[in-house]
Q: 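First the structure, which I've put down as structure tokens, then a few questions once you've had a look.
Treat the numbers as computed from the prediction; the structure is a model and nothing was measured.
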Amino acid sequence: MRQKDTYFHKIDWVAIGLYFALVFVGWINIYAAVYDEQNATSIFDYSINSGKQLIWIGTAVLLITLIMVADYRLFQNLSLILYIIFVIILFLTPFIGKEINGQRAWFELGIFRLQPAEFTKFATALALAKLMENPTFDLAKFGHQLKALGIIGLPVALIMLQPDTGTAMVYSSFFIMLYREGMPQKYYLFALSLIGLSILTLLITNNWYLYGGLGAIVLLLILASKKTWKNFAGIFLLGILMFAYTYSLDYVVEKLPSHQQNRIMVLFDPDVDPLGVGWNVTQSKIAIGSGGLFGKGYLEGTQTKFDFVPEQHTDFIFCTLGEEFGWIGSLIMISLFVIFLLRLVFLAERQKTRFSRIYGYCVIGLLFFHFSINIAMTIGLFPVVGIPLPFFSYGGSSLWSFTILLFIFIKLDSHRIQILGRSY
């Protein structure tokens with residue numbers, strides 16, 4: 001086979017074009033976030049974050065090249081080995097990693113830092129795809145559910161030892177893939193019910209109102225159900241569990257460190273921590289709102305220039321875009337990302353093997369979770385948990401991990417006709 005057929009034939013150039021568009025827009029926004037008109041430097045200056053990010057982008061292109069010239073079967077054959085290697089690295093990180101902001105989650109390499117938990121995401125996705133590729137694997141079976149949850153849960157437990165709650169939360173995105181592959185809907189309904197009950201518990205400060213509402217729900221369920229002792233017993237048990245959960249949630253939140261409590265409560269009242277977490281969110285919303293319809297113009301953002309928003313080049317990069325390019329610019333970026341995700345869904349659905357499809361939906365879930373939670377975080381709809389915006393936020397670990405994650409899938413897709421294995 002000719003070289004171009006081996007490396008570049010049937011590659012999805014639409015997905016690649018969208019990737020580079022997102023990376024480019026992210027790079028120019030990183031420069032805007034660190035721009036200082038008093039000491040203006042070139043966007044290519046390696047002493048500032050935009051210059052450093054350019055190095056990461058260049059090395060990401062090298063990673064892309066290595067992935068595309070590699071044998072596509074390599075990722076399937078080494079999936080479990082890679083997972084084991086990264087799990088071992090995660091285990092060692094709390095002992096030998098560098099501590100930053102109370103978290104021992106990084107390895108320092110000169111002026112650069114790498115976060116192993118970021119790379120464990122693609123290894124976990126590969127391991128899940130390998131586990132579930134067999135046609136006999138059935139998520140309707142409890143034993144098979146436990147195996148999949150075990151692969152997800154192990155890195156989560158190790159990441160919590162660092163501790164890094166935000167990164168650990170990202171692993172819940174694999175449930176998007178599990179839903180596509182047949183995980184029973186009752187688990188998702190149960191999870192949504194818990195989320196709703198949790199919000200009500202945190203929102204309603206008077207516990208008697210909350211307990212009264214839960215009692216009313218139990219009473220309505222009794223009236224609406226068939227009058228049998230079995231139904232009465234089940235509803236009564238459900239009521240006890242709801243009361244116990246709300247009481248225990250209040251107790252757990254009260255025992256959390258104050259900064260973690262504030263991250264949760266600032267969602268309902270920004271004045272809870274006005275100079276801490278509340279400051280970040282409030283200033284971020286001011287920056288986005290001040291951009292208006294068309295924005296203040298590139299490098300003209302006042303909130304950005306005067307560093308009102310901490311971590312604006314990383315977790316809060318979206319507010320730079322909102323301030324300088326306005327509602328229109330934000331809409332274009334969000335639309336670009338949505339089109340990108342829809343393209344990946346299209347690619348996942350056309351795969352000929354379970355392995356490629358499952359891995360593809362893992363990629364989609366991880367990117368969607370990061371995208372949606374990061375933006376929700378910057379506009380005050382979700383606690384500040386330190387989740388980067390894919391391809392936008394500054395950082396080598398983030399860019400490398402998302403690039404590897406994505407281009408393994410693009411490589412698998414380019415060989416979907418050749419890949420040997422059982423089709424679905």
Q: Taking the side chain from S356 and the backbone from K352, do they hold a donor-acceptor pair closer than 3.5 Å?
A: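 Side chain of S356 to backbone of K352, a donor-acceptor pair under 3.5 Å: no, none is there.
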Q: Is it the case that the side chain of S397 and the backbone of Q115 share a donor-acceptor pair, with hydrogens and angles ignored and the cut-off at 3.5 Å?
A: yes
Q: From the options L389, V338, N29, select the one residue that forms a side chain to side chain contact (heavy atoms under 4.5 Å, CB included) with M333.
A: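 It is L389, the one option of L389, V338, N29 that forms the side chain to side chain contact (heavy atoms under 4.5 Å, CB included) with M333.
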Q: Could you give all pairs that pass the salt bridge (Lys or Arg N to Asp or Glu O under 4.0 Å) test and reach residues 142-153, with sequence neighbours left out?
A: none
Q: When you look at CZ of F368, are more than 12 heavy atoms from neighbouring residues, nucleotides or ligands closer to it than 6.0 Å?
A: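 Counting neighbours around CZ of F368, 12 or fewer heavy atoms of other residues, nucleotides or ligands fall under 6.0 Å, so no.
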Q: Mark yes or no for whether K296, through its side chain, and G291, through its backbone, hold a donor-acceptor pair below 3.5 Å.
A: no
Q: Could you list the residues that satisfy ring-ring contact (aromatic ring centres under 6.0 Å, His included) with F142, not counting sequence neighbours?
A: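 For F142, no residue satisfies ring-ring contact (aromatic ring centres under 6.0 Å, His included) once neighbours in sequence are set aside.
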Q: Quick check: does any side chain N or O of Q162 sit under 3.5 Å from a backbone N or O of P94, one acting as donor and the other as acceptor?
A: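 No, the answer is negative, given that no donor and acceptor are paired below the 3.5 Å cut-off.
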Q: Does any N or O in the side chain of E323 come within less than 3.5 Å of the main-chain N or O of G289, such that one atom is a donor and the other an acceptor?
A: no
Q: Can you name the side-chain contact (heavy atoms from CB on, under 4.5 Å) partners of L293, sequence neighbours left out?
A: W327, I328
Q: Check L214 against T246 and note the closest heavy-atom contact, atom names and distance.
A: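 Here L214 and T246 meet closest at CD1-CG2, 3.9 Å.
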Q: Measure the spacing between CE of M183 and CD of Q145 and express it to the nearest 0.5 Å.
A: 5.0 Å
Q: Test of understanding: with salt bridge (charged side-chain N to carboxylate O under 4.0 Å, His left out), list the residues that count as partners of D138, not counting sequence neighbours.
A: none
Q: Has K411 got a side-chain atom pairing as donor or acceptor with F75's backbone, closer than 3.5 angstrom?
A: no
Q: Which residues pass the side-chain hydrogen bond (donor to acceptor under 3.5 Å, both in side chains) test with Y171, sequence neighbours left out?
A: none
Q: Could you give the distance from CG (L381) to NZ (K285), rounded to the nearest 0.5 Å?
A: 8.0 Å
Q: Test F407 against T403 for side-chain contact (heavy atoms from CB on, under 4.5 Å), laying out the working first.
A: CA-CA 6 Å; F407 277 87; T403 298; 3.9 Å; yes
Q: Excluding sequence neighbours, so at least two apart, what forms side-chain hydrogen bond (donor to acceptor under 3.5 Å, both in side chains) with T93?
A: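 Not a single residue meets the side-chain hydrogen bond (donor to acceptor under 3.5 Å, both in side chains) criterion with T93.
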Q: Does either side chain, that of Y361 or that of E181, offer a donor lying less than 3.5 Å from an acceptor on the other one?
A: no
Q: Holding to ring-ring contact (aromatic ring centres under 6.0 Å, His included), I want the full list of residues that pass it with Y179, two or more places apart in sequence or in another chain.
A: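 Applying ring-ring contact (aromatic ring centres under 6.0 Å, His included) to Y179 gives Y188.
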Q: Short question: side chain of N374, backbone of D315 - any donor-acceptor pair under 3.5 Å?
A: yes
Q: Closer than 3.5 angstrom, by distance alone: can the side chain of S284 be matched with the main-chain N or O of T378 as a donor-acceptor pair?
A: yes
Q: So, using ring-ring contact (aromatic ring centres under 6.0 Å, His included) as the criterion, who are the partners of F371 when residues are at least two apart?
A: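 If we apply the ring-ring contact (aromatic ring centres under 6.0 Å, His included) test to F371, skipping adjacent residues, the hits are F337.
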Q: Could you report the tightest heavy-atom contact between S330 and L321, atom names first, then the distance?
A: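 Nearest pair, atom of S330 first, then L321: CA-CD2, 4.0 Å.
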Q: May I have all residue pairs that pass salt bridge (Lys or Arg N to Asp or Glu O under 4.0 Å) and include part of residues 382-407, sequence neighbours excluded?
A: none
Q: Of all residues at least two apart in sequence or in a different chain, which pass the salt bridge (charged side-chain N to carboxylate O under 4.0 Å, His left out) check with D12?
A: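 D12: salt bridge (charged side-chain N to carboxylate O under 4.0 Å, His left out) contacts with R343, R350.
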Q: Measure from the ring center of W27 to the ring center of F20 and say whether it is less than 6.0 Å.
A: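 No, too far apart.
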Q: Partners of S335 by side-chain hydrogen bond (donor to acceptor under 3.5 Å, both in side chains), sequence neighbours excluded?
A: none
Q: Write down the atom of L299, the atom of A32, and the distance for their closest heavy-atom approach.
A: CD2-CA, 3.7 Å
Q: Taking Y19 as the fixed residue, which of I64, V14, I410 is the one that meets the side chain to side chain contact (heavy atoms under 4.5 Å, CB included) rule?
A: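 Checked I64, V14, I410 against Y19; only one passes side chain to side chain contact (heavy atoms under 4.5 Å, CB included): I64.
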Q: For S398 and Y394, indicate whether the former's side chain and the latter's backbone hold a donor-acceptor pair under 3.5 Å.
A: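 Checked: no pair found.
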Q: Angle between ring planes, Y298 versus Y31, binned at 30° and 60°: parallel, tilted or perpendicular?
A: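 Correct class here is tilted.
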Q: Can you establish whether the number of heavy atoms outside Y187 located under 6.0 Å from its atom OH is more than 12?
A: yes
Q: If only atom types and distance count, is the side chain of H370 paired as donor or acceptor with the main-chain N or O of V170 below 3.5 Å?
A: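 A pair under 3.5 Å: no.
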Q: For the residue pair A168 and I159, what are the closest heavy atoms and their distance?
A: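 Looking at all heavy atoms of both residues, the closest pair is N-CG2, 3.9 Å.
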Q: With a cut-off of 6.0 Å (strictly less than), are more than 12 heavy atoms of other residues, nucleotides or ligands near CZ of F91?
A: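 It does not: F91 CZ has 12 such atoms or fewer within range.
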Q: Please identify each residue that fulfils side-chain hydrogen bond (donor to acceptor under 3.5 Å, both in side chains) with T167, with sequence neighbours left out.
A: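 T167 satisfies side-chain hydrogen bond (donor to acceptor under 3.5 Å, both in side chains) with D164 only.
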Q: Evaluate Y359 against Q351 for side-chain hydrogen bond (donor to acceptor under 3.5 Å, both in side chains), listing each step before the verdict.
A: CA-CA 10 Å; Y359 181 79; Q351 297 309 301; over 6 Å; no
